[in-house]
Amino acid sequence: MANVVIVGAQWGDEGKGKVVDLYTEFADLVVRFGGGANAGHTLVVDGEKIVTHLIPSGVLRGRGKRCLLGDGMVIDPATLLDEIAQLKARGLLADDRDLVVSTQAHVILPWHKEIDRAREAGKGAIGTTKRGIGPAYEAKMARRGVRMADLLDAARLRPLLELNLDELGPYLTAKGITLAPIDQILDESLALGERLKRYFGETSRLVHDEMKRGRHVLFEGAQGALLDVDRGTYPYVTSSSTIAGGACTGVGVGPTTISQVVGIAKAYTTRVGGGPFPTELTDELGDALREAGGEYGATTGRPRRCGWLDIAALRLAVRWNGLSGIALTKLDVLRGMKRIKVCVGYAVDGPNGREERDELPCDPIEIARATPIYEELDGWDADTRDVREVDALPAAAQKYVRRIEALLGVDVALISVGPGRAETIMLRNPFR
């Protein structure tokens with residue numbers, strides 16, 4: 001039995017979809033433990049581009065690979081139904097038993113998205129996807145959240161809707177937000193619950209029982225470690241736990257059940273939305289990286305900010321997650337660069353003068369005073385997309401990979417050399 005957590009090690013968009021899809025070949029269950037439809041996993045299978053938002057990307061492996069949406073998620077029921085329909089149209093999810101949605105996951109309601117949009121249109125905007133994720137988590141923490149099970153019982157649901165509207169009424173009025181009548185929201189929510197109930201289940205118990213049977217479980221994270229609500233570059237973070245510990249709280253399993261944690265990192269760094277990004281390239285080189293890597297959001301289509309690989313930031317992900325391996329993606333995008341920079345630390349100006357640090361400071365005031373310390377390596381020109389053994393990579397690319405391992409103290413377990421499923425170098429399989 002192996003239970004493996006897959007997390008993003010940067011600011012999200014690291015290529016988790018492809019890596020989860022690859023590792024699902026060896027797993028029996030794939031469990032999403034946090035976030036909502038603000039995530040988007042883009043995969044290329046047999047030349048066809050497929051994007052998932054809520055359902056784990058392991059769904060592409062077909063019948064018998066059970067995909068679970070855990071307690072820690074916030075789910076827009078209409079979005080989930082649309083995604084199910086799209087997957088079924090492709091011949092996937094033919095067996096409804098292959099998808100299980102936690103009855104304890106929280107529901108994104110119409111006003112959550114309206115509040116999200118209103119905030120992003122005003123002062124303090126941080127660049128959310130406007131999908132209602134943050135407001136839904138706020139309701140959860142305020143203990144007035146609506147859970148999937150509530151969508152099956154009008155007597156349970158109506159008081160919850162009324163409670164939320166009573167509390168939020170003044171804010172909604174102040175922002176000029178007009179909602180449908182509560183009876184309409186109630187009827188629509190119950191109708192969504194009726195359509196989804198065939199997928200409902202107690203996911204925590206299901207995962208526990210499958211582990212006892214010796215089955216392999218893959219826990220799929222969303223976003224990246226530097227967006228974690230507790231650990232990341234606050235306030236420019238998401239609203240959930242994106243690190244490995246979130247798999248335990250978001251699914252309901254103990255930390256001793258986790259075998260390995262694999263962190264996914266691009267061979268460079270990207271970020272979407274607001275927030276600090278010290279290694280960002282705002283010149284033609286940054287534009288070239290964006291175009292070569294297709295760096296546009298799978299969920300929003302927004303152009304991603306691009307920059308050099310930040311080892312000092314990755315060290316945080318190693319520490320927070322206890323990473324046992326790195327899946328290095330988009331190595332092929334660096335092809336053609338004569339020289340490649342890597343941020344190995346920061347010089348931070350403070351009251352006692354300038355000091356050097358080997359980790360990215362997460363406090364925004366300190367980040368504003370931080371200057372990246374770079375190391376330069378040779379680039380390479382050869383096309384790597386047909387390479388399947390690390391020793392067959394160009395010498396400079398091999399050196400780049402080995403330098404990353406040495407700086408992080410963690411082995412690279414996988415290298416992606418192209419978007420396709422087969423365009424991968426597997427150095428170590430965490431399920432074996």
Side-chain angles (χ1 to χ4, degrees), residues 29 31-38 53-56 66-85 87-88 93 95-116 131-169 171-172 177-210 239-240 249-253:
L29 282 78
V31 189
R32 172 91 180 269
F33 60 81
N38 52 340
H53 295 283
L54 288 164
I55 298 172
R66 302 192 78 183
C67 293
L68 279 60
L69 307 189
D71 306 352
M73 292 185 66
V74 289
I75 298 172
D76 183 332
T79 298
L80 177 56
L81 284 166
D82 286 345
E83 191 165 317
I84 291 170
L87 290 168
K88 283 183 175 291
L93 281 183
D95 188 340
D96 288 343
R97 291 173 297 181
D98 286 342
L99 176 64
V100 184
V101 179
S102 171
T103 54
Q104 305 305 302
H106 280 247
V107 178
I108 294 176
L109 294 159
W111 50 81
H112 294 146
K113 289 183 281 189
E114 294 294 338
I115 291 170
D116 207 352
R131 299 298 179 97
I133 309 300
Y137 274 115
E138 289 173 28
K140 174 180 177 177
M141 295 305 176
R143 294 182 290 275
R144 53 176 163 76
V146 172
R147 297 192 287 187
M148 299 302 286
D150 297 323
L151 300 182
L152 302 179
D153 187 344
R156 283 172 60 172
L157 183 56
R158 178 182 282 277
L160 287 170
L161 299 181
E162 291 172 344
L163 172 64
N164 277 271
L165 290 173
D166 285 347
E167 288 208 19
L168 296 172
Y171 179 84
L172 298 173
I177 297 173
T178 302
L179 297 170
I182 189 170
D183 286 342
Q184 180 179 333
I185 295 174
L186 175 67
D187 290 343
E188 291 174 351
S189 299
L190 291 170
L192 290 168
E194 182 66 24
R195 293 175 62 192
L196 282 170
K197 70 178 183 180
R198 74 182 74 175
Y199 302 107
F200 285 177
E202 188 180 348
T203 53
S204 176
R205 179 59 185 268
L206 174 58
V207 172
H208 172 78
D209 290 346
E210 291 294 271
S239 301
S240 58
T249 57
V251 177
V253 297

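Below, each value reflects all heavy atoms present in this structure, side chains not excepted, and no hydrogens, waters or symmetry copies. Every value quoted in this text rests on a predicted model; they were computed, and no experiment measured them.
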Checklist entry - Side chain of E83, backbone of L54: donor and acceptor closer than 3.5 Å? => result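 Looks like yes, one N/O pair under 3.5 Å.
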Checklist entry - Quick one: does R32's side chain have a donor or acceptor within less than 3.5 Å of a partner on G34's backbone? => result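 Confirmed, R32 side chain pairs with G34 backbone.
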Measuring from [X]:[atom1] to [Y]:[atom2], what's the distance to the nearest 0.5 Å?
X: R195; Y: L151; atom1: CZ; atom2: CG; result: 12.5 Å
X: D82; Y: T79; atom1: CG; atom2: OG1; result: 6.5 Å
X: L29; Y: E210; atom1: CG; atom2: CD; result: 5.0 Å
X: D71; Y: E202; atom1: CG; atom2: CD; result: 8.5 Å
X: L192; Y: D187; atom1: CG; atom2: CG; result: 11.0 Å
X: F33; Y: T249; atom1: CZ; atom2: OG1; result: 8.0 Å

Within the 4.5 Å heavy-atom criterion, are [X] and [Y] side-chain neighbours or not?
X: T103; Y: L152; result: no
X: L157; Y: V146; result: yes
X: K113; Y: D76; result: yes
X: V107; Y: D150; result: no
X: L93; Y: I55; result: yes
X: L80; Y: Y199; result: no
X: I115; Y: L168; result: yes
X: L69; Y: P56; result: yes

For the residue pair [X] and [Y], what are the closest heavy atoms and their distance?
X: V100; Y: G201; result: CG1-CA, 3.9 Å
X: G70; Y: A105; result: O-CB, 3.6 Å
X: I75; Y: P77; result: O-CD, 3.3 Å
X: M148; Y: F200; result: O-CE1, 3.5 Å
X: T203; Y: V101; result: CG2-C, 4.2 Å

Next on the checklist: Other residues, nucleotides and ligands only: do more than 12 of their heavy atoms fall within 6.0 Å of CZ on R158?
Outcome noted: yes
Checklist entry - Got a sec, which residues hit salt bridge (charged side-chain N to carboxylate O under 4.0 Å, His left out) with R147, two or more places apart in sequence or on another chain? => result none
Next on the checklist: Using the side chain to side chain contact (heavy atoms under 4.5 Å, CB included) criterion, which residues pair with A180? Sequence neighbours excluded.
Outcome noted: Q184, I185
Would you be so kind as to tabulate the donor-acceptor pairs closer than 3.5 Å made by side chains of residues 132-144, with sequence neighbours excluded?
unit_1: Y137; atom_1: OH; unit_2: G35; atom_2: N; d: 3.0
unit_1: Y137; atom_1: OH; unit_2: G72; atom_2: O; d: 2.6
unit_1: E138; atom_1: OE1; unit_2: R119; atom_2: NH2; d: 3.2
unit_1: E138; atom_1: OE2; unit_2: R119; atom_2: NH1; d: 2.7
unit_1: R144; atom_1: NE; unit_2: E167; atom_2: OE1; d: 3.2
unit_1: R144; atom_1: NH1; unit_2: N164; atom_2: OD1; d: 3.0

Checklist entry - Do NZ/NE/NH1/NH2 and the carboxylate oxygens of R66 and D95 come within less than 4.0 Å? => result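 The answer is no: the pair does not qualify as a salt bridge.
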